[in-house]
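All values derive from a computational prediction rather than experimental measurement. Side-chain atoms are counted along with the backbone in the values below, which use heavy atoms only and exclude waters and symmetry mates.
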Amino acid sequence: MDDTGTIIAFWLLAAITVGSALLTAAVRNLIHAVIFLVVSFMGVAGLYITLSADFIAVTQILICAGAISILLLFAIMLPPRAARRTSESFLRFPALMLAGLVAATLAFVAVDTDWRIAGRAGFTQTASVIGESLLNKYVLPFEIASVLLLVAMLGAIVLVNAEGAVEGE
């Protein structure tokens, strides 16, 4: 990260990522929270790109911004509208305490870590090795996992629709 454009992009993406993550927790509408979560995931992918971690960036986009966000939208949209109301919770204070503890731990680690990278070696390219492994050695477990996830998602849709059909009659 030597040139000025990369540094500006890094800090801009960091601000977008942190801002959208805070908005994810702050908004009351669940659909808006998922949208802010997707923006946060995409910001993290952009941060990976500025750090020259292209494979991790693509994985972040595919898995987090794609699959997890779609799963969350299914979880929000499939139950009846009355079941997805957000309300005040008695867990608000413990959640704030936990968030403060996590923030303090992150601040301590950020201050205590030696961030100099001059003595470190460069990263090796791993995307081609991972791709070859997924398409050769691990193709069967990879395909089994994808079919299992598809069946689980279809089963959840059938269960929710079956319950809704019984209530509607």
Side-chain angles (χ1 to χ4, degrees), residues 1-78 86 95-154 156:
M1 284 193 10
D2 290 332
D3 80 55
T4 307
T6 305
I7 293 171
I8 291 171
F10 177 85
W11 286 108
L12 182 65
L13 285 167
I16 290 171
T17 302
V18 171
S20 61
L22 290 173
L23 286 172
T24 299
V27 296
R28 306 275 302 159
N29 187 333
L30 291 176
I31 302 295
H32 293 156
V34 171
I35 291 170
F36 286 128
L37 186 66
V38 169
V39 172
S40 180
F41 286 153
M42 296 299 281
V44 170
L47 289 172
Y48 286 139
I49 289 172
T50 62
L51 296 173
S52 300
D54 53 343
F55 180 75
I56 297 174
V58 170
T59 305
Q60 174 79 14
I61 291 170
L62 289 176
I63 293 174
C64 291
I68 292 176
S69 300
I70 295 300
L71 180 68
L72 287 172
L73 282 175
F74 272 127
I76 291 169
M77 298 304 278
L78 286 177
T86 57
L96 288 174
M97 293 297 292
L98 181 63
L101 180 67
V102 169
T105 304
L106 286 173
F108 173 74
V109 169
V111 170
D112 194 49
T113 301
D114 181 23
W115 293 101
R116 289 176 282 158
I117 60 171
R120 296 181 192 165
F123 294 108
T124 59
Q125 294 291 334
T126 58
S128 60
V129 175
I130 293 172
E132 289 291 326
S133 295
L134 282 178
L135 294 176
N136 290 330
K137 185 177 179 182
Y138 297 109
V139 70
L140 185 62
F142 187 68
E143 290 298 323
I144 289 172
S146 66
V147 170
L148 182 67
L149 289 170
L150 176 66
V151 168
M153 185 174 70
L154 290 175

What's the shortest heavy-atom distance between [X] and [Y], and which atoms?
| X | Y | value |
| --- | --- | --- |
| Ser40 | Ala21 | OG-CB, 3.9 Å |
| Gln60 | Tyr48 | OE1-CE1, 4.0 Å |
| Ala45 | Ile61 | CB-CG1, 3.5 Å |

If I take atom [atom1] from residue [X] and atom [atom2] from residue [Y], how far apart are they, to the nearest 0.5 angstrom?
| X | Y | atom1 | atom2 | answer |
| --- | --- | --- | --- | --- |
| His32 | Thr24 | NE2 | OG1 | 12.0 Å |
| Ile7 | Leu12 | CD1 | CG | 13.5 Å |
| Leu96 | Leu101 | CG | CG | 12.5 Å |
| Ile49 | Thr6 | CD1 | OG1 | 11.5 Å |
| Leu22 | Phe36 | CG | CZ | 11.0 Å |

Considering residues at least two apart in sequence or located in another chain, which fulfil the side-chain hydrogen bond (donor to acceptor under 3.5 Å, both in side chains) criterion with Asn136?
-> Glu132

Taking only residues two or more places apart in sequence, or in another chain, which ones meet Glu143 in a side-chain hydrogen bond (donor to acceptor under 3.5 Å, both in side chains)?
-> none

Using the test side chain to side chain contact (heavy atoms under 4.5 Å, CB included), find all partners of Leu13 that sit at least two apart in sequence or belong to another chain.
-> Leu47, Thr50

Find out whether Phe10 and Leu51 are in side-chain contact, i.e. whether some heavy atom of one side chain is under 4.5 Å from a heavy atom of the other.
-> yes

